[in-house]
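Contents: one structure, followed by commentary.
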Amino acid sequence: MGFLKEFKEFAMRGSVIDLAVGVVIGGAFGKIVTSMVDDIIMPPIGYITGGVDFSNMRYVITEANEAAGTTEVAITYGNFINVIIQFLIIAFCIFLVIKGINSMKRKEEIAPEAPAAPSKEEVLLTEIRDILRSK
């Protein structure tokens, strides 16, 4: 029973739950970026480059042969280009989030602290010093 209790404590920690939420949101964000790259960014780039569809670009090593029952073996470098673009977009978005967080931290650090009021002992000693100086 100790093992299950320990696992429950581990799984219910805030950091584990935060990580799980981050993974789920990250997966959803990845799908959004994939759709944006495939459906919005790549068609204009394909139009500019003369109708090239990057997702279908590949280097065929061996052709498919239905008679022999072999499939095509190819290096799909066009899909790799799409994935690189997706990575760059995600990395840029993460950079912007981290930059925003860091700028908020800097503003907190810059805020000047109010000087601490002197203690009763310091006030008393200052008064004694001033009286001694005046004599």
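Index from 1, following the sequence.
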Is Ile98 reachable from Ile90 through a run of hydrophobic residues whose side-chain heavy atoms are each under 4.5 Å from the next? yes
Taking side chain as C-beta onward, heavy atoms only, is Lys31 less than 4.5 Å from Thr34? no
Do you know the tightest heavy-atom contact between Ala74 and Arg58? CB-CD, 3.7 Å
Beyond-backbone contact of Phe92 with Leu96, side-chain heavy atoms, under 4.5 angstrom: yes
Are the side chain of Ser35 and the backbone of Ile32 linked by a donor-acceptor contact shorter than 3.5 Å? no
Consider only side-chain heavy atoms of I, L, V, M, F, W and Y, link residues closer than 4.5 Å, and tell whether Tyr59 and Val73 are in one cluster. yes
Verify side-chain contact (heavy atoms from CB on, under 4.5 Å) between Phe80 and Ile84, making sure each step is shown before the conclusion. CA-CA 6 Å; Phe80 182 69; Ile84 288 174; 3.1 Å; yes
Around atom CZ of Phe87, are there more than 12 heavy atoms from other residues, nucleotides or ligands closer than 6.0 Å? no
Should Leu88 and Ile41 be regarded as members of a common hydrophobic cluster, given that ILVMFWY residues are connected when their side-chain heavy atoms come within less than 4.5 Å of each other, either directly or indirectly? no
If you round to the nearest 0.5 Å, how far is CE of Met57 from CD1 of Ile81? 5.5 Å
For the student: nearest non-hydrogen atoms of Thr70 and Glu63, plus distance: OG1-O, 4.3 Å
Does any non-hydrogen side-chain atom of Leu124 lie less than 4.5 Å from one of Glu127? yes
Value for CG (Asn79) from CD (Gln86), rounded to nearest 0.5 Å, stands at 8.0 Å
Is there a path of hydrophobic side-chain contacts, each under 4.5 Å between heavy atoms of I/L/V/M/F/W/Y residues, joining Phe29 to Ile94? yes
What do the steps show when you test Asn102 against Lys99 for side-chain contact (heavy atoms from CB on, under 4.5 Å), and what is the final call? CA-CA 5 Å; Asn102 286 343; Lys99 184 174 179 167; 5.8 Å; no
d(Glu72 CD, Ile61 CD1) to nearest 0.5 Å is 9.5 Å
